[in-house]
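Structure, as structure tokens:
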Amino acid sequence: MKIPYAVIGLLISIQSTYAQTIRIGWNQEHQTMHSFGASDCWTAKFIGNWKNEQKKEQIADWLFSLDTLADGSPKGIGLSLWRFNIGAGSYEQGIASDIPDEWRREECFIDAKGKYDFKKQKGQQWFLNAARKRGVRYTLGFSIAPPVFWAKNGKAYNGTDHPAMNIQAGHLQRYADFMVKVTKHFKFDYLSPVNEPQWNWGKDRISQEGTQATNDEIAVLTKMLSKGLAKKRSKASVVIGEAGQWDFLYSKNEENRGDQVRQFFAPSSANYIAHLPNVSRVISSHSYFTTCPDDNMEAIRKRVAEAVAETDTALQTWQTEFGILGNICNVYRGGPRNTGIDYGLYVAKVMHYDITVANTSSWQWWLAMSPYDYSDALVYINDVNGDIQPANCKDDGQVLDSKQLWAMGNYARFVRPGMKRIAAEGVDLVSAYKDENSGELVVVIVNTGDEKQLQLDAAMEGGVVNAYTTSSTLNCKRSLMPAQQIVVPSKSIVTLTGKVAK
């Protein structure tokens, strides 16, 4: 039986009456979006050397691809930035590194005699090349500890509660020269020379490379890097911060390791670096330990935005490392591994607050791939029998996606570099972005509750939008929906795309 058009129109009208309206402020602009990224740390060194090319290509496609499947759904999440870890040499030290897990040790491109070997970190280089082949816009090299032979204790970790960097007197310039040469060789777009300088690496538990650093040391190192990159006529620029958590950007400066927005970007500060060549006007932090409860997550990010606005209105804010870590309000836990939709929704919610409250223009994940029984990766590796056994995954294994991957994809795949975030209201956890030139509108909705009936107040070409849904059963699955009849399933992330009618 055919339903008359008049009846269809009446049904649409009735549904619209009960639908919530997403109000789009096309001309109410916020930050320009830069990128979405993830890091190769540390697992790429083994996985990138697997002989099975098909499995490696699958991982690379999930992370980097902008292609689509036959039904129009994304083949991958289309990351626009890739982080390459510049190792400190704990891998060459082996068990003498004191880092018990070989997955967490890393090679170094230089030896104690000053000889470079750019054939090292071969597995990581495979993924770097795979990212570039798939059109990843930006690459970033990051160092988390000086080469071991320049360290005070000869190790890739600090091992004390002293706030200073683990480097011998007179070797900071050598460390800077090393990072400049590596950056130039790999043609990185960005160089991040410190990582979570507020933590006392290795004092209580030695698990990875890392060193603390004071604001004064970071400023001196940044000046050396600026001069070195400019001298080499490199196009790369230094990005600093990588604070252990957001509140180190505006407070907590007892050991000269906090208040980093003002320390580095207030012109009156002795550590001011914004005027230097080859230094980006970017301050970065990690989103750990500041995500619950929701009102606390919002309040902390609001203070970040206020500190930036008060200090330098041209300053970008980046979130450069996140994964599900520790015990989060007794709801989410790093271990054991959980790759379900509840954890995907949590990731999407953190992304929403970071982008819409802290005004981050780049949002970056920690471990792109992991063999561990932990929830801080995008792609997971089991051994060939399907078991979680990292020791058995060095040469081969099964590759598995996760809802963390696809939840991030609801942002990364569709919110492309150069888009502007614009106002979006009327629905909880909604954000909107535009491409001014093409007229493309992107709307991301994070729905942690029941099914929602929504409508857009923007007139869309053809009256329809593409809808990409991630849920317990779907991974950025594409469908078409009328702009006035949008259905957002319970516990899902939905991205809407389309062109605004002129």
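If you take CZ on Phe36 and CG on Asn410, they are separated by 11.0 Å, rounding to the nearest 0.5 Å. Note: Met408 CE to Ser402 OG = 11.0 Å, rounded to the nearest 0.5 Å. Note: Thr320 OG1 to His286 NE2 = 3.5 Å, rounded to the nearest 0.5 Å. Atom CD of Gln389 sits about 9.5 Å away from atom CG of Asp373, to the nearest 0.5 Å. Considering CZ of Phe188 and CE of Met179, their distance stands at 12.5 Å, rounded to 0.5 Å. From Tyr190, atom OH reaches atom OH of Tyr138 across 5.0 Å, with rounding to the nearest 0.5 Å.
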* Do Tyr372 and Asp101 pass the side chain to side chain donor-acceptor pair (under 3.5 Å) test, and can you show the C-alpha distance, the side-chain angles, and the key distance before you say yes or no? -> CA-CA 11 Å; Tyr372 295 112; Asp101 186 351; 2.4 Å; yes

* Yes or no on side chain to side chain contact (heavy atoms under 4.5 Å, CB included) for Gln404 and Ile324, after CA distance, side-chain angles and deciding distance? -> CA-CA 9 Å; Gln404 289 94 312; Ile324 297 169; 4.0 Å; yes

* To do: Test Lys51 against Asp396 for salt bridge (Lys or Arg N to Asp or Glu O under 4.0 Å), laying out the working first.
  => CA-CA 8 Å; Lys51 292 181 180 179; Asp396 197 3; over 6 Å; no

* Audit row: Asn278, Ser226, side chain to side chain donor-acceptor pair (under 3.5 Å) steps and yes/no -> CA-CA 5 Å; Asn278 294 81; Ser226 168; 5.5 Å; no

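Panel note: side chain Ser438, backbone Glu440; a donor-acceptor pair is recorded below 3.5 Å. The backbone N or O of Val136 lies less than 3.5 Å from no partner atom in the side chain of Ser80, so there is not a single donor-acceptor pair. Remark: side-chain polar atoms of Ser285 are paired, donor with acceptor, to backbone N or O of Gln245 under 3.5 angstrom. When atom types are taken as modelled, the side chain of Gln319 and the backbone of Gln364 share a donor-acceptor pair closer than 3.5 angstrom. Under the 3.5 Å distance criterion, the side-chain polar atoms of Asp383 are matched with a main-chain donor or acceptor of Asp387. A donor-acceptor pair under 3.5 Å links the side-chain atoms of Tyr380 to the main chain of Tyr374, judged by distance alone. The closest donor-acceptor contact from the side chain of Arg416 to the backbone of Ala412 lies under 3.5 Å. With hydrogens and angles disregarded, a donor-acceptor distance shorter than 3.5 Å links the side chain of Lys56 to the backbone of Gly48. Remark: side-chain polar atoms of Ser375 are paired, donor with acceptor, to backbone N or O of Asn338 under 3.5 angstrom. A donor-acceptor pair is defined here as one N or O able to donate and one able to accept, closer than 3.5 Å; no such pair exists between the side chain of Glu106 and the backbone of Lys45.
Side-chain N/O atoms of Asn129 and Arg134 include no donor and acceptor closer than 3.5 Å. Side-chain atoms of Asp395 and Trp50 form no donor-acceptor pair, as typed in the model, at a separation below 3.5 Å. Side-chain contact, Trp246 with Ser287: a donor N or O sits under 3.5 Å from an acceptor N or O. When only modelled atom types and interatomic distance are considered, Thr317 and Thr360 share no side-chain donor-acceptor pair under 3.5 Å. Under 3.5 Å, the side chains of Thr497 and Asn466 contain a donor-acceptor pair of N or O atoms. No donor-acceptor contact under 3.5 angstrom links the side chains of Thr291 and Tyr353, judged on distance only.
Arg104 and Glu209 are not joined by a salt bridge, as no carboxylate oxygen comes within less than 4.0 angstrom of a charged side-chain nitrogen. The pair Glu436-Lys434 counts as a salt bridge, with a side-chain nitrogen and a carboxylate oxygen less than 4.0 angstrom apart. A salt bridge links Asp71 with Lys477; the closest basic N to acidic carboxylate O contact falls under 4.0 Å. A salt bridge links Asp354 with Arg301: the distance from a Lys NZ or Arg NE/NH1/NH2 to an Asp or Glu carboxylate oxygen falls below 4.0 Å. Salt-bridge annotation for Glu196 and Arg257: absent, with no side-chain N of the basic residue lying under 4.0 Å from a carboxylate O of the acidic one. Salt bridge Lys403/Asp342: absent, no basic N to carboxylate O contact under 4.0 Å. Electrostatic pairing of Asp450 and Lys491 does not count as a salt bridge here, judged by no charged N lying under 4.0 Å from a carboxylate O. Here Glu242 pairs with Arg83 in a salt bridge; the nearest charged N to carboxylate O distance falls below 4.0 Å. Look at Asp189 and Arg137 and you find no salt bridge, because none of the NZ, NE, NH1 or NH2 atoms lies under 4.0 Å from a carboxylate O. Salt bridge status for Asp98 with Lys155: present, with a side-chain N to carboxylate O gap under 4.0 Å.
Aromatic rings of Trp82 and Phe64 (six-membered ring for Trp) have centroids within the 6.0 Å cut-off, being under it. For Phe46 and Trp103, the ring centers sit closer than 6.0 Å to each other. Centroid-to-centroid, the aromatic rings of Trp199 and Tyr288 stay 6.0 Å apart or farther.
In this structure, Arg105 fails the cation-pi test against Tyr91, since its NZ or CZ atom is not both closer than 6.0 Å to the six-membered ring centre and inside 45 degrees of the ring normal. For the pair Lys181 and Tyr116, the cation-pi criterion (under 6.0 Å, within 45° of the ring axis) is fulfilled.
Ring geometry for Trp150 against Phe178 counts as perpendicular: the plane angle is over 60°, on a 0 to 90° scale with 30° as the lower cut. The aromatic rings of Tyr332 and Tyr343 stand perpendicular to each other, their planes meeting at an angle above 60°, with 30° marking the opposite boundary. Note on ring orientation: taking the six-membered ring where Trp is involved, the planes of Trp318 and His34 are tilted (angle from 30° to 60°).
Residues Ser370 and Thr43 come closest through the heavy atom pair CA-CG2, 4.1 Å. Pairing each heavy atom of Ser284 with each of Leu249, the nearest pair is O-CD2, 3.7 Å. When all heavy atoms of Phe414 and Cys476 are compared, the pair lying nearest together is CE1-SG, 4.5 Å. Considering all non-hydrogen atoms of both residues, Ala44 and Phe127 come closest at CB-CD1, 3.9 Å. A pairwise comparison of heavy atoms in Asn158 and Gln212 identifies CB-OE1, 3.1 Å as the closest pair. Of all heavy-atom pairs spanning Arg132 and Phe186, the tightest one is NH2-O, 2.7 Å.
With a 4.5 Å cut-off on side-chain heavy atoms, Thr139 and Leu81 do not count as touching. Taking the side chain as every heavy atom from C-beta outward, Thr211 and Ile144 never approach each other to under 4.5 Å.
Within 6.0 Å of CG on Asp428 lie no more than 12 heavy atoms contributed by other residues, nucleotides or ligands.
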